[in-house]
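So the structure is just underneath, and the comments pick up after that.
Only this structure's heavy atoms are used, side chains among them; waters, hydrogens and symmetry mates stay out. Residue numbers run from 1 in the order of the sequence given.
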Amino acid sequence: MDVKDEMEKINIVTENHQEAEVGDQATGLLGSTKAPLSTWHHKCASYVLALRPWSFSASLTPVALGSALAYRSKGTLDPGLLVGSAVTVLAVHGAGNLVNTYYDFSKGIDHKKSDDRTLVDRILEPQDVVRFGVFLYTLGCLSAAFLYCFSTLKLEHLALIYFGGLSSSFLYTGGIGFKYVALGDVVILITFGPLAVMFAYAVQVGYLSVSPLLYAVPLALSTEAILHSNNTRDMESDQQAGIVTLAILIGPTFSYVLYNSLLFLPYLIFCLLATRYTISMALPLLTLPMAFSLERQFRSRSFIKIPQRTAKLNLLLGLFYVFAIILAPPGALPNL
């Protein structure tokens, strides 16, 4: 009996051990399916972060402004062309951000204190950034082709504006590298202001016009304030890397003066439009408290998150500007 009892105990232990092995194998199989899913989600999040989505206000608000101006001129708005314009401009903007990330890292400009951690912390590899940039430029070209099929804008005019913007987004840090020779501010001022507004406007109405360029000025100044705050914050690291920006050339004091000019000149323009044409143009003045808060932060040289906060102001100011144009009485605004 004792022998039988011992044998039964051995069999029970053996069965439990086999069940445990099966359980471990099942857990291993489940883990092998969950791990790739977790890795895939992490990879997608890394790609999104690499795009610097906080900066997309600089491209979305010009598209909204150009479309609003087209609506006032034409009386109608094509939602498909609006979405196509937004996708096209966002794709080129995102690709430009990736080009910036790649060349800043390869030139040793990005460092441990940089906001852009994509390559510094090895969140993505350089080849991943390059492939993603090529994908976005391709997406932009396909979106531009879609716009040509459904818009009445001439091909040569569409290509001129689109490839002008695409070239600027690449050459900002790639190729010539305008950013590194104190010309980056000019590129941003033109690309994410008049050019983007004109693109969205022309796609809707089917022709080029001068008026969108004039209406783009307040938004272009606000967008340039984002870049200038970023360059002022990074003056020391940029000097160490051997590059030259406008902030370095004019120094901290004049950088503060320039930032304030970029920040508050749009409000002066809105005041003139509101008093001379229509009161709806006073809507962007609601963002003035944010502008004063940014001025105080810049003056105290507390540059933590100041480009992101300036981008937030740019987005809100742009949205109020768009609403002001839509709400203006017919014929109240000049050249519309």
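Contact between P218 and P266 at its shortest, heavy atoms only, is O-CG, 3.4 Å. Residues P289 and L285 approach most closely at CD-O, 4.4 Å, considering heavy atoms. Across every non-hydrogen atom of I243 and I248, the tightest pair is O-CD1, 3.6 Å. Closest of all the heavy-atom pairs between A202 and I161 is CB-CD1, 4.4 Å. Across P284 and A324, no two heavy atoms sit closer than the pair CD-CB, 4.4 Å. Closest approach of A144 and L158 over heavy atoms only: O-CD2, 3.5 Å.
Residues I279 and Y215 do not share a hydrophobic cluster, clusters being chains of Ile/Leu/Val/Met/Phe/Trp/Tyr side chains in contact below 4.5 Å. Taken together through direct or relayed side-chain contacts under 4.5 Å among Ile, Leu, Val, Met, Phe, Trp and Tyr, L183 and L195 form part of one hydrophobic cluster. Hydrophobic clustering, with ILVMFWY side chains joined whenever heavy atoms are under 4.5 angstrom apart, groups L147 together with F163. L208 and F150 fall within the same hydrophobic cluster, where Ile, Leu, Val, Met, Phe, Trp and Tyr residues are linked whenever their side-chain heavy atoms come under 4.5 Å apart, directly or through other members. Using a 4.5 Å cut-off between side-chain heavy atoms of Ile, Leu, Val, Met, Phe, Trp and Tyr, with links allowed through other members, L286 and L313 fall into different hydrophobic clusters.
By the neighbour-count criterion of 12 heavy atoms within 6.0 Å, atom CD1 of I304 is sparsely surrounded, having that number or fewer from other residues, nucleotides or ligands. Counting non-hydrogen atoms of other residues, nucleotides and ligands closer than 6.0 Å to CZ of F270 gives a total above 12. F56 CZ: more than 12 foreign heavy atoms inside a 6.0 Å radius. In the displayed structure, E236 atom CD is contacted under 6.0 Å by at most 12 heavy atoms of other residues, nucleotides or ligands. In the displayed structure, K74 atom NZ is contacted under 6.0 Å by more than 12 heavy atoms of other residues, nucleotides or ligands.
No donor-acceptor pair under 3.5 Å is formed between the side chain of T245 and the backbone N or O of A182. A side-chain donor-acceptor contact under 3.5 Å links R72 to the backbone of A328. Using modelled atom types, one side-chain atom of D128 and one backbone atom of E125 make a donor-acceptor pair closer than 3.5 Å. N97 places a side-chain N or O within 3.5 Å of a backbone atom of L51 that can act as its donor or acceptor partner.
Two residues are said to be in side-chain contact when any heavy atoms from C-beta on lie closer than 4.5 Å; L69 and V197 meet this criterion. In this structure, the side chains of S57 and K312 stay at 4.5 Å or more apart for every pair of heavy atoms. Using a 4.5 Å cut-off on side-chain heavy atoms (C-beta onward), M281 and R276 make no contact. Contact annotation: the side chain of F178 never approaches that of S168 to less than 4.5 Å [non-hydrogen atoms, C-beta and beyond]. No side-chain heavy atom of S67 sits under 4.5 Å from any side-chain heavy atom of Y201. Counting heavy atoms from C-beta on, the side chains of V205 and L153 never come closer than 4.5 Å. Contact annotation: the side chain of V244 never approaches that of V181 to less than 4.5 Å [non-hydrogen atoms, C-beta and beyond]. Y162 places a side-chain heavy atom less than 4.5 Å from the side chain of T88.
Distance check: S46 OG to L124 CG gives 5.0 Å after rounding to the nearest 0.5 Å. Note that CD1 of I250 is 3.5 Å distant from OG of S255, once rounded to the nearest 0.5 Å. Within the model, atoms CG of L136 and OG of S143 stand 10.0 Å from one another, a figure rounded to the nearest 0.5 Å. For the atom pair OG of S73 and CG of N335, the computed distance is 9.0 Å after rounding to the nearest 0.5 Å. L160 CG to M198 CE: the interatomic distance, rounded to the nearest 0.5 Å, is 10.0 Å. Rounding to the nearest 0.5 angstrom, the gap separating the CD atom in E224 from the OG1 atom in T310 is 11.0 Å.
Outside the 6.0 Å centre-distance limit, the rings of Y180 and Y103 are not counted as a close aromatic pair. Aromatic pair F292/F264: ring centres closer than 6.0 Å. Close placement of the F298 and Y259 rings is indicated, their centers lying within 6.0 Å of each other. A distance of 6.0 Å or more separates the ring centres of H157 and Y207.
Using a 3.5 Å distance cut-off with no hydrogens or angles, the side chains of S169 and Y137 do pair a donor with an acceptor. If you check the side chains of Q204 and Y71, you find no donor sitting under 3.5 Å from an acceptor. A donor-acceptor contact under 3.5 angstrom links the side chains of S280 and T278, judged on distance only. Side-chain atoms of R52 and T101 include a donor-acceptor pair closer than 3.5 Å. Under 3.5 Å, the side chains of R309 and S293 contain a donor-acceptor pair of N or O atoms.
Electrostatic pairing of K179 and D185 does not count as a salt bridge here, judged by no charged N lying under 4.0 Å from a carboxylate O.
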Open item on the list: Before you tell me yes or no, could you show the steps for F192 and S59 under side chain to side chain contact (heavy atoms under 4.5 Å, CB included), namely the whole-Å CA-CA distance, both residues' side-chain angles and the distance that decides it to 0.1 Å?
Closed with: CA-CA 6 Å; F192 293 106; S59 53; 4.1 Å; yes
Open item on the list: Using side chain to side chain contact (heavy atoms under 4.5 Å, CB included), reason through L82 and V63 one step at a time and then give a plain yes or no.
Closed with: CA-CA 8 Å; L82 173 59; V63 170; 4.1 Å; yes
- [ ] I would like to know whether Y172 and V99 meet side chain to side chain contact (heavy atoms under 4.5 Å, CB included); could you show each step before the answer?
- [x] CA-CA 9 Å; Y172 176 67; V99 171; over 6 Å; no
Open item on the list: Determine whether V322 and T61 satisfy the following criterion, side chain to side chain contact (heavy atoms under 4.5 Å, CB included), listing intermediate values before the conclusion.
Closed with: CA-CA 8 Å; V322 169; T61 47; over 6 Å; no
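When T232, I226, D234 are each tested for a side chain to side chain contact (heavy atoms under 4.5 Å, CB included) with N230, only one passes: D234. Paired with T223 under the rule side chain to side chain contact (heavy atoms under 4.5 Å, CB included), one option of L317, L262, N314 passes, and it is N314.
A search for side chain to side chain donor-acceptor pair (under 3.5 Å) contacts involving Y148 returns nothing, not counting sequence neighbours.
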